[in-house]
Structure formats: structure tokens, C-alpha cells
Amino acid sequence: MADTIKIDVEFTGGLELLFSNQRNHKVSLPAQDQDGKAANIAFLIKHLCENLMTDQKRELFLLDESVRPGILVLINDADWELEGEDQYELQPRDQIVFVSTLHGG
Amino acid sequence: MADTIKIDVEFTGGLELLFSNQRNHKVSLPAQDQDGKAANIAFLIKHLCENLMTDQKRELFLLDESVRPGILVLINDADWELEGEDQYELQPRDQIVFVSTLHGG
Amino acid sequence: QAPQRFGLSNADFKRYGRQLIMPQVGLHGQLRLKAARVLIVGAGGLGCPAAAYLAGAGVGTLGLVDGDTVEESNLHRQIAHSTDRIGMFKVDSALTNLRGLNPNLNYIPHRAHLTPTTALDIFSNYDLVLDCTDHPTSRYLISDACVLSGKPLVSASALRTEGQLIVLNNPPRAPGASEGGPCYRCVFPRPPPAESVVSCGEGGILGPVVGVMGLLQALETLKLITASPDAAAPPPSLLLFSAYSTPQFRNVKLRSRRADCASCSANHTVTESSLTSGSMDYIAFCGVTSPIDI
Amino acid sequence: QAPQRFGLSNADFKRYGRQLIMPQVGLHGQLRLKAARVLIVGAGGLGCPAAAYLAGAGVGTLGLVDGDTVEESNLHRQIAHSTDRIGMFKVDSALTNLRGLNPNLNYIPHRAHLTPTTALDIFSNYDLVLDCTDHPTSRYLISDACVLSGKPLVSASALRTEGQLIVLNNPPRAPGASEGGPCYRCVFPRPPPAESVVSCGEGGILGPVVGVMGLLQALETLKLITASPDAAAPPPSLLLFSAYSTPQFRNVKLRSRRADCASCSANHTVTESSLTSGSMDYIAFCGVTSPIDI
Ligand SMILES: [Zn+2]
Ligand SMILES: [Zn+2]
């Protein structure tokens, strides 16, 4: 039986509307992808799209296999660009937040 | 050599003025008091008064061996009354915050 | 009278449309706001912004309590007042501003400081109270009166570069009912020594700091009013704000009601008659040496 | 002219006394505020409260940019306007309010939307810019113009029950200088798909939510202006606010300047002439199908 890794995922800035209108999710995902590589953020994004997303409009979350422009990914309260972007390898209990930028005023 | 325990202490709401006008302090204190009892908040308060306080006006922090009325003690972001008050036994890396209540408006 | 749809006029739909369309408010929430009677005690640094946003949101009846008059030193942070209203009662100055923003509400001025003998009488006409005052004496009095009259209390304070916010007596239950939210005395059973109390006049205050706290009071008030009546109250908590710290905001879990609370426990010693008879002396309780306005 | 002590009049000492006495401001800070020229782009839900508290604090020159007029649906959150000023330019309506609060400042109205051809010219008269607008097109334009003219940018946004705040281009350094703070394009190199952009008109907005964000912009502006000129800039961060979440506030570390940024890198393609010539088409860049006001 494959190992799983448990992390906390949060959607905010309106993205929660694509995920059952729920902000906080406890997510269990395989510790390795199909090629035996450790689960990273790219793998998580695919996993979320296939298993957690309830809205059909994937283009509001995904573009070219990664998150669309205007979404910030936060790894334990830091911009993912500080942590290796989608190649960051997930650790148990990581907090991953997907934030859609707001433009209103 | 006696064991020490390292915790984070923060003073806010004006209390920082009594402690070198500095909010955040890394504090190392003996893991046991002189009677061999595990270091608790009561012991920490005494330790802070004797070793960290720079202002002479102890009555702005202490009353009858505990913190004066109008100071909240927070143990890892919870009111100390939820954690056993001054009998709470300190754990390494605990975050202890002393907040003076504000009254202005 | 203008024609109504679902209890609101066309002008109401236009004015409140941007908040009405959100599921957190909706038509039900807007009607609850219209029916709500909110009392703001203190028309200063906290009360000015709180009142402006509650008036903007359409709280049907808004009462303001303050015995002070506008001074020039208020104007850097008390943005409902103005330079040409210096010397006017703060309550009248603020209502001039609020009526300009939203003339469709029922505004009630109380041009005197709150006292133990008047508090219960005034509170009986409102559903919810904001403590926007600036001294421990008034903070204990307002909390006691909220417990005795069964009103939730949204309390904030600010000094220098910091602020604090608590929602108290929520849900508002009779003294002795353990499922009620804690009161100010549950959190602070004993008043601070008088010499440790620093006012904004002595310590200073940054305008946006007290402004943010007043706006957060308005926000919690709107959340309480628009929530479904059977929504569970969130667990008691304290929000701490420190403008020059990182992070600036910290949320802290608080205790529930205190079994020996002088105000909200079964054995409470603070009673309606101790307030109205004047036997509760808040100035003596707080150890103030010279009499001060509360 | 009134007699001055240390560069301030007696009336200034009275009006600003409560902030002057704090070490974070002091006489030096108050004089820096008096000398400061701040531009607020957008006189709506963010700009109204930001302008009120900056005027209250004594920012010497305050410019406002907005081409819109006041509508009834603005008034639940745009508290510097009023019901009897519906139809007036927002800039004029807001200045009426600000002059009432503090008549001692130099106010400059810009009664038109910011455009690529006007932005650099306007920005050249100010020291610091607040982005209080409501669309990606204006957010990219304002950031580009701040980088090209070397001004720090305090940017906020809000929608429904949430808000976001970033201080950008701080310290403001020339394109290619890696010690400068990141710009909007460093954080968001590509604009969001047009169909993902929700306005406050479509999504709704709670008044105190956008109000808090505007006040936090005013606060960061005051901190920047009053700080000692050789104080180090704090590391880049983003503040997230969510009114119905616990905790409500979250502080997030951001990246520094992007080595290939189109605006602030050594190889930047956004230049003074691409703006003033009109060759930078922000509407096409953001993929808006029908022309809109920025
Ligand atoms: Zn109580
Ligand atoms: Zn850049």
C-alpha cells in the first residue's frame, strides 16, 4: 500500500467558490507520484483538480498544467517563488494556501 | 550543570517599556526551580523580574508575586486561564506573551 | 411613502446593493440591519469610524452617547468631526456627518456621559452596544449594563501604535447561564492599578491605528446583526493589533464565563439596583484619586 | 503668518499633539509629514478612508485622482462622500470633506482617470503613491509609473469579505537595481485572465472590509513618511484579510525583485517613452474585450 502525506490546503480570494465553497481542506495525497518521485506542488495541483475541485471551469484555476496568472501559492506563509515553486517537495502538515488576487476597491 | 529551557517572550501594550523598550526576547531559564520543580509560569515571572526588567517600577508588572491586574498572559496564543495559569509548566519553544490592556479610544 | 419590494425601497436596493448581493448579508441580512438598534458609547477615535460604516451599511437606529465637545486635538483621528464644529457636542457633530452620508436612518443623540444611574435606561432601547470609550471606569460600567440588560458588547481600545478588540456577552445570556459569552469582568476581574492606566492624551495615538480598531468594531457588529439568529457564536477571542510589529495582528483564545464573576455568574453582586441606586462606585472601584468623567 | 516654533505653528502643535508625542513620529516625523506630497489614485472605498486619515495626520500636499462621479451605490462604503453630493466628481466631493476636517493642507484635484500618457507627468509632483483603484489595468499602470518615476507604492484591494495589501517599489530604486523593492509585475508578471476578474459591482463588498484596507494603506504611508531616511525597508510582504476566517489576518513573505521583470529589471521593456507614446496598451495586456475606464 502506498504511503500518503497529509497537508492543510486553503483556498481564498474567491477560489473557495471552485472547491465546494469551503476554505479549509485536510488533504491526503500519495507520497509519490506515478513515477516514484516525491509529491511536489505540481503533483498537488493536479491532485486538487482531479479530486477536490467541484466547479467545471478549470481555467479559473489552471493554465498550462500550473495555476493560472493571478493566483499566488503560499507555502507555510511564504510565496512559493521563495521555496522552489511547483518543484517544492511537500512535507507532512505543510500549509499550502492558494490566493486569488483581488482587484476591487 | 543545570538544564536550561529556551522560550520566546514578548511584551506588548506598553509593557515593553519596562523591558529595555524591546518587544521580543529569547529567554533561557533553568529547567527546574531551586526546589527541583519543573519551571512554570510563576517561576518565569520571577525570573523576568530579576533578570530582564530594566525599569525600577516593579508594581507596573508585579502584584503579590504574580502579574498585576490588567495584564493578560498568553501561552501559545491562548489566555493562561485556559492552560493552568501560573502553574503551567513551560515547554521548549513556548511563546509567552504579556499584554497590558489598553483603555484609550 | 416609496413603494417597497420585500421590505426595502428602490433607493435601498440601490444604496445597499453592493452588500446585499453577498450571501453573508443578503435580503434577510439587510432587513435585520434595518430593524437593528445599535448604541455607540463614545464619539471619539473609535466611535467616529464605527458610526460612519454602520450608518453606511443601513443600521436602522443608531444612538450615540458622549458628553464631550469637539477639540482641535481630536481632529487628527476623529474623522466624523470637522474644524468648523470645534466646540460643538461630539454627538451633534458626528450626527451632522452621518446624516450627510445616510439621511434615511433614525439617529438618537445622548449628549452626556454614561453614568450608572442612566445606563440601563438607555441600553433598554438598543439591541447591541459598542464600547468606544477611553477609561476602565466606563468599560466596567458598560459591560455590567450589557450583562444586566442582555445585550452583546463589541469592545475595542487603542493607545499609541496598538489596539485590542473583544466581543463580549455573546451570546447574551442571563447571569448564571454558563452558555453565555464572557463579560469584561470575566476577562479582567480586577481593575488595573490607576497609575498603570495611560490615556491617549498622555501616551499619544496614531490615527489609523484607532481607526482600524473602530472599523473592526463596525465589522463585528455587522457580522452579529446579519447572521442567522440560530448561528452559533464563535468561541471568545481577543484580537491584538500592533502597527510596528510583524505580524501586525494576532488572534488569541479567551476563557469562557467565570463561575465567580461579579457580573455574569449566578452569584453576581452587580445588580440592577446596585447600578440605579448609585451604590456601585466605578470611580472608587478603579481607584481613581480625582473624579473624572466617564 | 502665525509664529512658528521648530517649524510648526501653535495650532499645529495642538492639532497633531497626540501623534507628535510618540517616539515613532516626533517633531521630525511631523515635519516630514508636512513636507510630504502624497498622491491617492482612486477616491472610492479605499481612497476615502485613506485620504481622511492622511489629511488628519497633516500630510502637507494631498493629490486625488479619479474621473468618476458619486453614485448612491457608493455611499455604503465611500464615507468621504455624501448623499447631497451625488453626481459631483468624486475628487471634488472628497476634497469638500477633507477641507472640513483639515483646512490647513494643500489639496490637488485630478478630475480624470489616470492614463499612460498622463501618469508620469502627474506622479512627478509627488513623493509616494497609493493605489486605491479597482482594476488590473490601473494596477499595472500605476506600478509601472511608480518604478519609472522612483516612488514607493502602497497598494491595496478588496472584494466581498476579503482584502489584500502590499507595499511595492520600497525602497524605490532605478530599474535594474536589485536592492530596490519588488514591483507589481515582480509579484504578478502576467495579468489574470479577464474572465477571472470580479469587480465590487459584480461580487459585492462589505464596507468595513474595504475601509480597513484603506486605513492600513494610510498607516503604512504614515510609517514610510515618518521613518528616519536611513531606516531599512522591511522585507517585502503581503497582508491578507478575510473578515469571516479565523485568524482574520495573515502576513506572507514575498519575493524580491525579479531578474527578468518587464518593469524594474535591467532589461525592462516598460519605458518612459512606451508609456507617453501610448504604445503600452494596458487594456490589451489585461485582455479586456470591451474598452473600460482605468
Ligand atoms: Zn462575567
Ligand atoms: Zn518588477
Side-chain angles (χ1 to χ4, degrees), chain A residues 8-26 41 45 48-49 53 55-88 94-105, chain D residues 41-42 44-47 77 131-139 155-160 162-164 166 182 184 186-193 195-205 209-210 213-214 217 236-238 240-242 244-246 250-256 258 286:
Chain A
D8 291 315
V9 173
E10 183 176 341
F11 300 99
T12 181
L15 291 178
E16 67 279 8
L17 298 171
L18 308 178
F19 293 86
S20 350
N21 201 13
Q22 190 186 321
R23 288 172 183 275
N24 294 289
H25 298 256
K26 300 261 172 212
I41 297 273
I45 290 171
L48 295 176
C49 268
M53 198 165 172
D55 196 293
Q56 296 309 310
K57 294 196 273 310
R58 285 197 168 204
E59 68 277 13
L60 293 182
F61 187 63
L62 265 197
L63 183 75
D64 301 337
E65 304 278 298
S66 191
V67 290
R68 67 158 170 82
I71 293 180
L72 285 179
V73 185
L74 308 175
I75 300 171
N76 301 322
D77 284 344
D79 187 350
W80 71 341
E81 308 222 3
L82 298 169
E83 305 285 342
E85 298 191 52
D86 66 357
Q87 295 306 304
Y88 170 85
D94 271 348
Q95 283 202 314
I96 312 295
V97 185
F98 295 89
V99 190
S100 179
T101 339
L102 309 176
H103 306 96
Chain D
V41 188
L46 295 164
R77 67 191 189 283
D131 184 346
C132 299
T133 66
D134 58 1
H135 198 274
T137 46
S138 46
R139 296 191 177 276
S155 181
S157 58
L159 181 68
R160 299 189 184 106
E162 300 190 314
Q164 299 172 352
I166 325 184
Y184 195 74
C186 292
V187 185
F188 304 108
R190 296 161 64 199
E195 66 271 22
S196 74
V197 174
V198 182
S199 71
C200 290
E202 294 156 0
I205 178 72
V209 169
V210 65
M213 300 317 296
Q217 280 183 286
S237 69
L238 167 68
L240 302 174
F241 175 47
S242 179
Y244 284 82
S245 296
T246 306
R250 185 196 294 266
N251 196 68
V252 164
K253 282 194 280 288
L254 285 187
R255 55 164 302 131
S256 54
R258 188 181 284 273
C286 290

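Not measured: the values here are computed from a predicted model. Letters go in sequence order (proteins before strands), and every chain restarts at 1.
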Checking [X] against chain A: side chain, backbone, both or neither under 4.5 Å from a heavy atom?
| X | answer |
| --- | --- |
| D:Pro191 | backbone |
| D:Arg255 | both |
| D:Ile205 | neither |
| D:Arg190 | both |
| D:Asp131 | neither |
| D:Val187 | both |

Value rounded to 0.5 Å, distance of [atom1] in [X] from [atom2] in [Y]:
| X | Y | atom1 | atom2 | answer |
| --- | --- | --- | --- | --- |
| D:Cys186 | A:Glu81 | SG | CD | 9.5 Å |
| D:Ser237 | A:Asp79 | OG | CG | 11.5 Å |
| A:Thr12 | D:Glu162 | OG1 | CD | 3.5 Å |

Most contacts with chain A, counted as non-hydrogen pairs under 4.5 angstrom, among D:Ala158, D:Ser199, D:Gly45, D:Gly201: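 Heavy-atom pairs under 4.5 Å are most numerous for D:Ala158.
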Look at D:Ala156, D:Pro136, D:Cys200, D:Gly214 and state which one has the largest set of heavy-atom pairs under 4.5 Å with chain A.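 Most pairs with chain A among the choices: D:Pro136.
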Side-chain touch A:Leu72/D:Val252, heavy atoms, less than 4.5 angstrom: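 SC-SC contact between A:Leu72 and D:Val252 ruled out.
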Relative to chain D, which segment of A:Leu17 carries a heavy atom at a distance below 4.5 Å: side chain, backbone, both, or neither?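 Side chain only.
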With only heavy atoms counted, which part of A:Ile71 is less than 4.5 Å from chain D, the side chain, the backbone, both or neither?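 It is neither, since no heavy atom gets under 4.5 Å.
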Option passing side chain to side chain contact (heavy atoms under 4.5 Å, CB included) with D:Ser242 (candidates A:Glu16, A:Glu10, A:Arg23):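 Per the side chain to side chain contact (heavy atoms under 4.5 Å, CB included) rule, the option paired with D:Ser242 is A:Arg23, out of A:Glu16, A:Glu10, A:Arg23.
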Closest approach of A:Pro69 and D:Pro193, non-hydrogen atoms and distance?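 Result for this residue pair: O-CD, 3.6 Å.
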Look at A:Arg68 together with D:Glu195 and state whether they make a salt bridge at an N to O cut-off of under 4.0 Å.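 Here A:Arg68 does not pair with D:Glu195 in a salt bridge, since their nearest N and O are not under 4.0 Å apart.
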Under 4.5 Å, heavy atom to heavy atom, which residues of residues 97-105 of chain A contact chain D?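 So far as heavy atoms go, A:Val97, A:Val99, A:Ser100, A:Thr101, A:Leu102, A:His103, A:Gly104, A:Gly105 are the residues that approach chain D to under 4.5 Å.
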